[in-house]
Amino acid sequence: MILLNDFRRQWADTRQDTLNAMERVGTSGWYILGPEVCQFETTLAAAWGVRNVVAVASGLDAIEISLRVLGCTRGDKVLTTPVSAFATTLAILKLGAIPVFVDCDRFGLIDLDACQRALHSDSAIRFFVPVHLYGHCLDLHKLRAILETYEIRVVEDCAQSISATFDGIPAGTVGQCAATSFYPTKNLGALGDGGAVLTDDDALAQKARILRDYGQSAKYEHEEAGYNSRLDELQAAILKGAHLPRLANWLAARRDIAESYVQGIRHPDLVVPGAPAGCASGWHLFSVFVKGGRKTDFMAHMKECGVTVGQHYPTALIDQPALVRAPHEIRGDCESARSICSSQVSLPIHPYLNGSEVETVIHACNSWSH
Ligand SMILES: *Cc1c(COP(=O)(O)O)cnc(C)c1O
């Protein structure tokens, strides 16, 4: 079976570097918020091109803490997308804020023109959590124009988009804050949970550092009701010593595979949109959209061919049961979002796929009955 993610192959490659990282932390006798977290933050900030990285316990926490340092609180309206991991909306709900959903485009990305219309007609929307979905970077010129025109606070959800750029500009460098995740399946994954807040603003970074550690500004002095949201020394050491040094090669491998899929998949019932113009995608996921309500049939066919596929995401966030009891607003009909959710299938695109497996995936797609 060809897997969506092959962590055993990753381990075979990273084993020695990971064991060295573990040895270093074990020997140091320091396990929480120590030198490894600090060095990882500095290294990632330099690699990403931002002034500050604040490592936290998850991508979910990174979004929630980012929103909080920007002043988002109970009852505030937060513009966001109906197609993403549940965590994007959950971070907003946890603050008691109100997600305002607008529709997405044919790639599944939030429609920035619809965002503009929503902001134009409702001046109560002061916050925005756009998602660079599937590793594709949104149009950052448009995003910047929106931020400046409406003077809103933006947290870019970069959980899927580390290393993605638009017109050469990295995802995560336009909003006042960005959030990313080190969940194992992400492009830069840990061997457990983790995440980070990214920001050029030193004061915001300082607030995030206080919030991640119970709201503690000095030892036993609690300025805020914060969180226990710290990245372990162990995860930081693994990320810095074993995974971050491989990120460029992993990205190159993902881009090669995406290129092969875009060139090779030819089927009248499969839409393969590739990445939007201007965006150099990080290819966290590779989406195909199945026409004619045949998604289930296509997925069964792929399984028969020995190819694991995924769905990101089968249900729009606005249709999740948890939203029934949570205050939220929907602008427009979100028809495109629902259509994306009912037709999207993810093909394997992890960096340890080999050439013959990529060919197998392409052949499986093309051999599906018409
Ligand atoms: C994974 C993910 C998150 C949440 O990250 P966790 O580390 O799992 O909390 C948020 N947003 C998006 C788009 C994601 O893919």
Side-chain angles (χ1 to χ4, degrees), residues 4-5 7 37 40 44 53-68 72 78-95 97 99 101 104-105 107-110 127-138 143 154-164 171-172 175 177-198 208 211-212 227-232 235-236 238-239 243 254 279 281-287 310-318 320 322 337 340-341 344 346 349-350:
L4 263 186
N5 291 290
F7 294 118
V37 166
F40 169 63
L44 183 63
V53 168
V54 181
V56 296
S58 71
L60 169 68
D61 285 1
I63 303 168
E64 181 178 350
I65 291 173
S66 294
L67 280 169
R68 221 176 118 176
C72 181
V78 185
L79 194 63
T80 192
T81 176
V83 182
S84 185
F86 189 66
T88 308
T89 284
L90 182 55
I92 298 166
L93 296 179
K94 283 181 69 194
L95 288 170
F101 297 98
C104 60
D105 64 17
F107 294 94
L109 295 167
I110 190 164
F127 299 89
F128 182 19
V129 182
V131 179
H132 302 290
L133 196 70
Y134 304 143
H136 303 334
C137 189
L138 287 158
L143 183 61
V154 176
V155 177
E156 293 180 63
D157 182 340
C158 294
Q160 303 189 355
S161 64
I162 187 166
S163 338
C177 289
T180 196
S181 163
F182 307 121
Y183 186 78
T185 61
K186 304 291 157 94
N187 286 22
L188 179 65
L191 296 192
D193 276 308
V197 174
L198 296 90
L211 281 178
R212 78 173 164 185
Y227 306 83
N228 175 343
S229 185
R230 304 171 298 221
L231 185 70
D232 291 348
Q235 297 301 344
I238 293 165
L239 284 163
H243 294 184
R254 286 177 186 273
C279 139
S281 182
W283 292 111
H284 172 59
L285 295 166
F286 190 94
S287 292
Q311 300 182 74
H312 299 90
Y313 296 84
T315 306
L317 294 170
I318 48 176
Q320 289 291 351
I340 293 280
C341 291
Q344 192 276 353
S346 298
I349 192 164
H350 66 78

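Hydrogens, waters and symmetry mates are skipped; everything else that's a heavy atom, side chains included, is used. Whatever order the structure lists ligands and atoms in, that order sets their numbers, starting from 1. What you see is a predicted model; the values in this text were computed from it and never measured.
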Quiz prompt | Shortest non-hydrogen contact between I238 and L191, atoms and distance | solution =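 In this case the closest contact between I238 and L191 is CD1-CD1, 4.1 Å.
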
Practice problem: Check salt bridge (charged side-chain N to carboxylate O under 4.0 Å, His left out) between E156 and all other residues, then give those that pass, not counting sequence neighbours. | Solution: none

Self-check item: By salt bridge (charged side-chain N to carboxylate O under 4.0 Å, His left out) - contacts of R254 (at least two apart)
Solution: none

Quiz item: Side chains of H284 and N187: is there a donor and an acceptor less than 3.5 Å apart?
Solution: yes

List ligand 1's nitrogen or oxygen atoms that come under 3.5 Å of a protein nitrogen or oxygen, with the partner atom and distance.
from     : atom 1 : to   : atom 2 : distance (Å)
ligand 1 : 5 (O)  : S181 : OG     : 3.3
ligand 1 : 7 (O)  : G59  : N      : 2.8
ligand 1 : 7 (O)  : S181 : OG     : 2.7
ligand 1 : 9 (O)  : G59  : N      : 3.3
ligand 1 : 9 (O)  : L60  : N      : 2.8
ligand 1 : 11 (N) : T88  : OG1    : 3.4
ligand 1 : 11 (N) : D157 : OD1    : 3.3
ligand 1 : 11 (N) : D157 : OD2    : 2.8
ligand 1 : 15 (O) : Q160 : NE2    : 2.8
ligand 1 : 15 (O) : K186 : NZ     : 3.0

Exercise. To the nearest 0.5 Å, tell me how far F182 CZ sits from Q235 CD.
Key: 10.5 Å

Exercise. Could you tell me which residues satisfy side chain to side chain contact (heavy atoms under 4.5 Å, CB included) with S181, sequence neighbours excluded, listed by chain and number?
Key: A159, Y183, K186

